[in-house]
Amino acid sequence: MPVDAEDDLPEQIRVRREKRQRLLDSGQDAYPVSVPRTHTIAQVRAAHPDLEPDTATGETVSVAGRVIFVRNTGKLCFATLRAGEGTEIQAMLSLDKVGEERLAAWKADVDLGDHVSVTGEVITSRRGELSILADSWVLAAKTLRPLPVEHKPLAEETRVRQRYVDLIVRPQAREVARLRIRTVASLRESFAARDYVEVETPMLQTMHGGASARPFVTHSNAFDIDLFLRIAPELFLKRCVVGGIDRVFEINRNFRNEGADSTHSPEFAMLEFYEAYADYRDMARTTRELIQEATLAVHGSLVFERIDGETRDFSGEWDEVYVYPSVSEAVGREITPETPVEVLRELVEAVGIKPEKTWVPGKYVEELLEHHVVSTFVRPTFVMDYPEDTSPLVRAHRTQPGVVEKWDLYIDGAEQGTGYSELVDPVIQRDRLVAQSLLKAGGDVEAMQVDEDFLRALEFGMPPSGGVGVGIDRLLMNLTGLNIRETILFPLVKPE
RNA sequence: GCGCCGCUAGCUCAAUUGGCAGAGCAGCGGACUCUUAAUCCGCGGGUUGUAGGUUCAAGUCCUACGCGGCGUACCA
C-alpha cells in the first residue's frame, strides 16, 4: 500500500484503516463470513414490549446491528445498535461480563458505523431501556468512513449522491424507499382483481413512438443498427390488444432525452393499461379506483397527510371539466375547434407565451388551458375532450368535430395521467402518423415516426379500446409531497 | 438554454470593510459500572470546488471552468 496515498487520506479514514489492520494483525477478522445472530433486533423488541426498568429476562440472544451511538464509561459501555430497517436496541458491555480484554477491545476497535454482533441476556437498564447485556461481542463489519452527524440533515446533494448513507441516517429515506414498491404492489393487486394481464414490452425499440418526446439513441453491435430507448410502451401494448390480450398493463421505465428538474427525470416509471370494449370514461373510472386503492394502501385513508404536512383529499368521485368550455370561460370569449389560429395566437401572446412556428391550433388551446385553468386544480380533476390535432393516437369524439375522446388527470396542478378512447382505424392512424413524420422532417424533434409494423397490427383489427398512462413517480410525489429526486432511490446525477 | 445564489475540517455550518481560517458533532489521549446526541479534562484535524488574475495581503474582489440549488422556457 503506497505510503503517500495513505498520508493523503483524511485523518478519520486513516485511523479506521489502521484499526482494521490492527485487527487482522492480531488474528481477528474485520469482515467475518458470519457472526452469531439468533434474533433480529425487531424480534427482540417484539418479544419484550413493556418490561419494567431493571428487569432480567433470563433469555440469551445474539443480535447484530450498526453502532450508531456509543456512551463509553470506565467499566460499563453503552451502544445503540440499529438494524437496516431502522429498529434500534441498546447493547451494554460491562467489565464483569465480557472481561478486561474484550472491554478494552470494544473501546479501542469499535467506531460509529461499525456492524457488530452482541450475545447476552435481554434486560432493561435501570432507566428502562431494552438492552442486551453482553456476555460476548464480535465485530461483524468494519466501517472505514465516518458516518455523518445523525442530528444534522445531510445536504440534499449528498443525500442523492450517497443514498446508502442517507438510508442509514434518515428514517424518511428508509420509509420512501419502501413506499414506492408498496404503491406499485397495490397497483398490481388492483389489476389482478380486474383480470388484467401484466406484460413486458421492449425497452430497446427500432422505432420510437407512443408519445411526443425526444428519445435516447443507442446502438446494437450485433445488428449494426441504431436503437431507441423507449419513450412509451403504447404501440406494443396495442399490439397486445390486437392479439387478444383484452386487458393488459405494464409498469416499467420510460426514457426521455429532455430536461431534468424537480418534476422530471430522464428515466421515469410509467404505468400504461389498455382495455378492449372500454372507452375513455370507463378508463377514467378505473384510473380513479386504482389511485384510490393505492392511496389506501399507503396512507390507510383517502384523506391523508403528506410527508410535507399538507393534507389532500382523494375521496369520492373526482371533478370533470371540459377543455373548450373552461378555456372559453377563462379568456372571456367562446373558443372552439373552429376558432382561427390568429385569434388563438393573440390570446396566447397576451399572457406572455411565445408561440413557436411548429404549433398547430390545438397547441395554442392547450397552452391557454395550462396557463389559465389547470394550475388551480388541487383535488384530482379530469380535464376532458382535447383538440384533435395534438393527439395523433386518439379517436375522434363521437359527437363533437375537431375534438378527441381524451382526458388528462391533474392533481395539485400537475399532470398525473392521461386516458383515451383509442384510435383503432388503421387508415386514419396511418394518415396521422404520416402527418407526424412530416412534422419530424420539418424539424420537430418530438414528432413520431411511421411505424409500419404497428399499422400492420391495426390492420388485423383492434377492438374498440380505452388506454391510460399514469406516471408512477408523479403518483408518489402526489402521495408524499416530495420532489421527484426524493421518490427515486438513485436518480441520475452528473458525475462528481 | 438563460438568469440569480451557493461550494470552507469526516458531517452540519461560522468568519465584520480584503488583514492570524473558527464552532458543534465526529476523531485521538485521559477520567468515569446505568448511559440515552452521556459528561468532564486535554490534543490534533484545512491546497476555503478547479485554474488563472488584481493586491503588500484574497475564503472575501475580477475572469473562466466544474458541480449543485432556485427561478424561467420545453416535456410526464
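Here the structure is a predicted model, which means the values were calculated and not measured. Labels below follow one simple rule: chain letters A, B, ... track the order of the sequence lines, proteins then strands, and each chain is numbered from 1.
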Notebook entry, point to check: When the ring planes of A:F273 and A:Y196 are compared, do they come out parallel, tilted or perpendicular, using 30° and 60° as the limits?
Noted result: perpendicular
Check: So, do A:I484 and A:T487 sit near enough that their side-chain heavy atoms are less than 4.5 Å apart?
Finding: yes
Notebook entry, point to check: How long is the line joining NZ of A:K107 and P of B:G29, in whole Å?
Noted result: 12 Å
Check: Using a cut-off of 4.0 Å on non-hydrogen atoms, how would the nucleic acid contact of A:D473 be classed: base, sugar-phosphate, or nothing?
Finding: nothing
Note to self: Distance check needed: B:A31 C1' versus A:L76 CG, whole Å only.
What the structure shows: 15 Å
Check: When you measure from the side chain of A:D96, which nucleotide among B:A76, B:U12, B:U33 comes out closest?
Finding: B:U33
Margin query: Is it the case that the side chains of A:R432 and A:S391 hold a donor-acceptor pair, with the cut-off being a distance below 3.5 Å and no angle test?
Written below: no
Taking only N/O atoms, report every protein-nucleotides 70-75 of chain B pair under 3.5 Å with atom names and distance.
{"residue": "B:C74", "atom": "N4", "partner": "A:D261", "partner atom": "OD2", "Å": "3.4"}
{"residue": "B:C75", "atom": "OP1", "partner": "A:K363", "partner atom": "NZ", "Å": "2.4"}
{"residue": "B:C75", "atom": "O2'", "partner": "A:E258", "partner atom": "OE1", "Å": "2.7"}
{"residue": "B:C75", "atom": "N3", "partner": "A:H264", "partner atom": "ND1", "Å": "3.0"}
{"residue": "B:C75", "atom": "N3", "partner": "A:H264", "partner atom": "NE2", "Å": "2.8"}
{"residue": "B:C75", "atom": "N4", "partner": "A:H264", "partner atom": "ND1", "Å": "3.2"}
{"residue": "B:C75", "atom": "N4", "partner": "A:H264", "partner atom": "NE2", "Å": "3.4"}

Next item on the list: Indicate yes or no: does A:D385 engage A:K406 in a salt bridge with an N to O separation below 4.0 Å.
Entry: no
Note to self: Work out how far the C1' atom of B:A57 is from that of B:A21, and round it to whole angstrom.
What the structure shows: 15 Å
Next item on the list: Pick base, sugar-phosphate or nothing for A:L147, based on heavy-atom distances below 4.0 Å to the nucleic acid.
Entry: nothing
Check: Under a 3.5 Å cut-off for both distances, is B:C61 Watson-Crick or wobble paired, and to whom?
Finding: B:G53
Next item on the list: Just call it for A:K19: base, sugar-phosphate, or nothing, with non-hydrogen atoms closer than 4.0 Å on any strand.
Entry: sugar-phosphate
Next item on the list: Write down the partner of B:C28 under the Watson-Crick or G-U wobble criteria, each distance required to be under 3.5 Å.
Entry: B:G42
Note to self: Rounded to whole Å, please give me the gap between CZ in A:R16 and C1' in B:G10.
What the structure shows: 9 Å
Checklist line | Between A:F216 and A:H208, ring centroids under 6.0 Å | finding: no
Nucleotides 44-47 of chain B: which of its N/O atoms have a protein N/O under 3.5 Å away?
{"residue": "B:G44", "atom": "N2", "partner": "A:E11", "partner atom": "OE1", "Å": "2.2"}

Note to self: Say we look at B:C56 and B:G10: how far apart would their C1' atoms be, to the nearest angstrom?
What the structure shows: 36 Å
Checklist line | Watson-Crick or G-U wobble partner of B:U36, both distances under 3.5 Å | finding: none
Next item on the list: Give one of base, sugar-phosphate or nothing for A:M270, where a contact means two heavy atoms less than 4.0 Å apart.
Entry: nothing
Notebook entry, point to check: Do other residues, nucleotides or ligands put more than 12 heavy atoms under 6.0 Å from the NZ atom of A:K107?
Noted result: yes
Check: Do A:T80 and A:E88 have side-chain atoms, one donor and one acceptor, less than 3.5 Å apart?
Finding: no
Margin query: Can you confirm whether the side chains of A:D319 and A:Y410 place a donor and an acceptor under 3.5 Å from each other?
Written below: no
Next item on the list: For a salt bridge (charged side-chain N to carboxylate O under 4.0 Å, His left out) with A:E150, tell me which candidate from A:R82, A:R66, A:R170 qualifies.
Entry: A:R82
Check: Among B:C32, B:A37, B:A76, which nucleotide sits nearest the side chain of A:H151?
Finding: B:A37
Checklist line | Cationic N near anionic O, under 4.0 Å, A:D473 to A:R180 | finding: yes
Check: In Watson-Crick or G-U wobble terms, both distances under 3.5 Å, what is the partner of B:C5?
Finding: B:G68
Note to self: At 4.0 Å (heavy atoms only), tell me whether A:K75 reaches a base, stays on the sugar-phosphate, or touches nothing.
What the structure shows: base
Check: Can you check the A:E156 CD to B:C67 P distance for me, whole Å?
Finding: 17 Å
Margin query: Using a 4.0 Å heavy-atom cut-off, does A:S265 contact any base of the nucleic acid, only the sugar-phosphate backbone, or nothing at all?
Written below: base
Next item on the list: Rounded to whole angstrom, note down the P distance from B:C65 over to B:G3.
Entry: 11 Å
Note to self: Classify the ring geometry of A:F249 against A:F191: parallel below 30°, tilted from 30° to 60°, perpendicular beyond 60°.
What the structure shows: parallel
Note to self: Expressed as a whole number of angstroms, how long is the span from A:R14:CZ to B:C28:P?
What the structure shows: 12 Å
Notebook entry, point to check: How far does the P atom of B:A64 sit from the matching atom of B:G45, given to the nearest Å?
Noted result: 37 Å
Check: Checking all strands, does A:A414 fall into the base, sugar-phosphate, or nothing category for heavy-atom contacts under 4.0 angstrom?
Finding: nothing
Checklist line | Separation between the P atoms of B:G18 and B:A23, rounded to whole Å | finding: 24 Å
Checklist line | Pair assignment for B:U47, Watson-Crick or G-U wobble, requiring both distances under 3.5 Å | finding: none
Next item on the list: Using a heavy-atom cut-off of under 4.0 Å over every strand shown, decide if A:Q416 touches base, sugar-phosphate, or nothing.
Entry: nothing
Note to self: Nearest whole Å is fine: how far is B:C65 P from A:K494 NZ?
What the structure shows: 13 Å
Next item on the list: Identify whether any heavy atom of A:V470 sits under 4.0 Å from a base atom; if not, whether one sits that close to sugar-phosphate; answer base, sugar-phosphate or nothing.
Entry: nothing
Next item on the list: In whole angstrom, give me the gap between the P atoms of B:G68 and B:A26.
Entry: 32 Å
Notebook entry, point to check: How do A:A79 and A:V70 order along RNA chain B: which one's closest nucleotide is nearer the 5' end?
Noted result: A:A79
Notebook entry, point to check: Base, sugar-phosphate alone, or nothing: which one does A:R159 contact when heavy atoms must sit under 4.0 Å apart?
Noted result: nothing
Note to self: Quick check against the 3.5 Å criterion: does A:R16 have a side-chain atom that pairs as donor or acceptor with the backbone of A:K142?
What the structure shows: no
Check: Has A:F268 got its ring stacked on the base of B:A76, with centres under 5.5 Å and planes less than 30° apart?
Finding: yes
Item checked: Shortest side-chain distance from A:R71, nucleotide among B:A76, B:G69, B:U36 -> B:U36
Margin query: Assuming nearest nucleotide by heavy-atom distance, tell me which of A:P146 and A:V15 is located more 5' along RNA chain B.
Written below: A:P146
Next item on the list: State which of B:G27, B:U36, B:G68 makes the closest approach to the side chain of A:E157.
Entry: B:G68
Checklist line | Gap in Å between the two P atoms, one belonging to B:A73 and one to B:A37, rounded | finding: 47 Å
Next item on the list: Using atom CZ of A:F69 as one end and atom C1' of B:C34 as the other, report the distance to the nearest whole Å.
Entry: 18 Å
Notebook entry, point to check: With both distances kept under 3.5 Å, what pairs with B:A23, Watson-Crick or G-U wobble?
Noted result: B:U12
Next item on the list: Rounded to the nearest angstrom, tell me the gap between atom CD1 in A:I123 and atom P in B:U33.
Entry: 17 Å
Checklist line | Listed nucleotide nearest any side-chain atom of A:M92, set B:C34, B:U12, B:C67 | finding: B:C34
Note to self: Less than 4.5 Å apart, side chain to side chain, heavy atoms only: is that true for A:V63 and A:T40?
What the structure shows: no
Item checked: Short side-chain N/O contact to B:C11 OP1/OP2 from A:K152, under 4.0 Å -> no
Check: If we take the P atom in both B:A14 and B:U8, what is their distance in whole Å?
Finding: 10 Å
Next item on the list: Using only heavy-atom distances, determine whether the side chains of A:Q90 and A:R71 contain a donor-acceptor pair under 3.5 Å.
Entry: yes
